[in-house]
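First the structure, in the form of structure tokens, and then the observations on it.
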Protein chains: 2
Amino acid sequence: MSDLLERLRARGWRMTSQRRVVAQVLDGDHTHLTADEVHARSARLLPEISRATVYNTLGELVSLGEVIEVSTDGRAKRYDPNAHHPHQHLVCASCGMIRDVHPTGDPLADLPAQERFGFTVSEAEVTYRGLCPACA
Amino acid sequence: MSDLLERLRARGWRMTSQRRVVAQVLDGDHTHLTADEVHARSARLLPEISRATVYNTLGELVSLGEVIEVSTDGRAKRYDPNAHHPHQHLVCASCGMIRDVHPTGDPLADLPAQERFGFTVSEAEVTYRGLCPACA
DNA sequence: TCTTGACTGAGACTCTGTCCATCGTAGGAT
DNA sequence: ATCCTACGATGGACAGAGTCTCAGTCAAGA
């Protein structure tokens, strides 16, 4: 993640203080922040940063593949900086907490051709739901 | 689905024209409508039906277990009336279309105990993503 | 240093969903 | 068949998340 700024620069993107701050916030915390939380934390470092800029930057990071967008509950999307290690998510149905998990097996292999209906299937996302120790 | 009205009545629920219309809309179409689409289609049959009523009724159907709420993209929730047959979803990354699919294997079995972090895991939801024939 | 166009800020706007006070009516009671 | 009343419907206000617009700014190449 620390060389993210280099990768952005290599793509011809301008290196602004706002982008640096957003990258720093994501880099320092792996708790799947919402866009609004990213904005709040960024604003501590750079008070005048705007919501639009945070949304733009997050969108850029997602399309660059540096960050994964997770929407587990139909509410706010969350941003997962752990994009370089494939993993799935375990979500607490009560408090919404998310943990990264690494199941065995490949769900893509479980979808036979006749169940693909002509789709070009590229990805399988597994969300485990349950209660975390604190909520159980 | 056609005896949904009977099941609702058995629970002591009032049978209103609005509820009948919402059930009819869901019954007639298995394309995973959004709440707003359900409202639009209901309004064709019963022009004065309100958004709040559609949301309320959908919520009731979900808690009754007649309909499954699916949020695949962090935007609008979609409502899947095929609640009585366990299945997963295949989503087109371009147009958002959803198909029900029936993969082999059990993703819950793929999550070893040491990857559960004390959670009581009750459910695994798999979302396959790709491009549908029309968008490929 | 100058120039330029990509980036930012501010806020209005859209979309999705919820809440609330008030009105209407389904269905049991008579 | 008619009446009652609690449950459900209405519609408008509200809230949260995200997008868009456009004027102004500034990073980085010339």
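All values reported here derive from a predicted model rather than from experimental measurement. Per chain, numbering begins at 1; letters A, B, ... match sequence-line order.
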- Message: Exactly one of A:V67, A:N56, A:I49, A:L45 should register a side-chain contact (heavy atoms from CB on, under 4.5 Å) with A:V22. Which one does?
- Response: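 Testing A:V22 for a side-chain contact (heavy atoms from CB on, under 4.5 Å) against A:V67, A:N56, A:I49, A:L45 leaves exactly one candidate, A:I49.
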What is the minimum heavy-atom distance between [X] and [Y], and which atoms define it?
{"X": "A:V101", "Y": "A:P103", "result": "O-CD, 3.5 Å"}
{"X": "A:L26", "Y": "A:P81", "result": "O-CG, 3.5 Å"}
{"X": "A:D100", "Y": "A:N82", "result": "OD2-ND2, 3.2 Å"}
{"X": "B:L90", "Y": "A:F117", "result": "CD2-CD1, 4.4 Å"}

Classify the nucleic acid contact of [X] as base, sugar-phosphate or nothing, counting any heavy atom under 4.0 Å across all strands shown.
{"X": "B:A76", "result": "sugar-phosphate"}
{"X": "A:R19", "result": "sugar-phosphate"}
{"X": "B:R9", "result": "sugar-phosphate"}

- Want to settle it: does B:Y55 or B:R20 sit nearer the 5' end of DNA chain C, counting the closest nucleotide to each?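 Upstream on the strand: B:Y55.
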- Item | Of B:R51 and A:G12, the one whose closest DNA chain C nucleotide lies more 5' |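 First, find each residue's nearest nucleotide; the 5'-ward one identifies A:G12.
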- Query: Just by modelled atom types, is the A:T34 backbone N or O under 3.5 Å from a matching donor or acceptor in the A:E37 side chain?
  - Reply: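 Checked: pair present.
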- Determine yes or no for a side-chain-to-main-chain donor-acceptor pair under 3.5 angstrom, with B:Y128 supplying the side chain and A:P107 the backbone.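 Such a contact is found between B:Y128 side chain and A:P107 backbone.
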Atom [atom1] of [X] to atom [atom2] of [N]: distance rounded to whole Å?
{"X": "A:L46", "N": "C:dA10", "atom1": "CG", "atom2": "P", "result": "11 Å"}
{"X": "A:E48", "N": "C:dG11", "atom1": "CD", "atom2": "C1'", "result": "17 Å"}
{"X": "A:I49", "N": "C:dC7", "atom1": "CD1", "atom2": "P", "result": "14 Å"}
{"X": "B:L58", "N": "C:dT18", "atom1": "CG", "atom2": "P", "result": "10 Å"}
{"X": "A:W13", "N": "C:dT8", "atom1": "CH2", "atom2": "C1'", "result": "15 Å"}
{"X": "B:Q18", "N": "C:dC23", "atom1": "CD", "atom2": "C1'", "result": "13 Å"}

- Report yes or no: do B:D80 and B:H89 form a side-chain donor-acceptor pair below 3.5 Å?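 The answer is yes; a qualifying pair exists.
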- Item | Closest to side chain of B:A52, choosing from C:dA10, C:dG17, C:dC19 |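 In terms of side-chain proximity for B:A52, the closest of C:dA10, C:dG17, C:dC19 is C:dC19.
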- Item | Under-4.0 Å side-chain N/O to phosphate OP1/OP2 contact, A:T53 with C:dG9 |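 Looking at the OP1 and OP2 atoms of C:dG9, one of them is under 4.0 Å from a side-chain N or O of A:T53.
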- Task: Evaluate the ring planes of A:H102 and A:H87, with Trp represented by its six-membered ring, and classify them as parallel (under 30°), tilted (30 to 60°) or perpendicular (over 60°).
- Result: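 A:H102 and A:H87: tilted rings.
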- Less than 3.5 Å between a donor and an acceptor, one on the side chain of B:R14 and one on the base of C:dT25, is that the case here?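 Yes, a donor-acceptor pair under 3.5 Å.
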- Message: Taking any atom closer than 4.0 angstrom to a non-hydrogen atom of chain B, what span of DNA chain D does the protein reach, first nucleotide to last?
- Response: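 So the contact region on DNA chain D extends D:dA6 to D:dG11.
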- Between residues 34-45 of chain A and DNA chain C, which residues have a heavy-atom gap below 4.0 Å?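 Heavy-atom cutoff 4.0 Å gives no residues at all.
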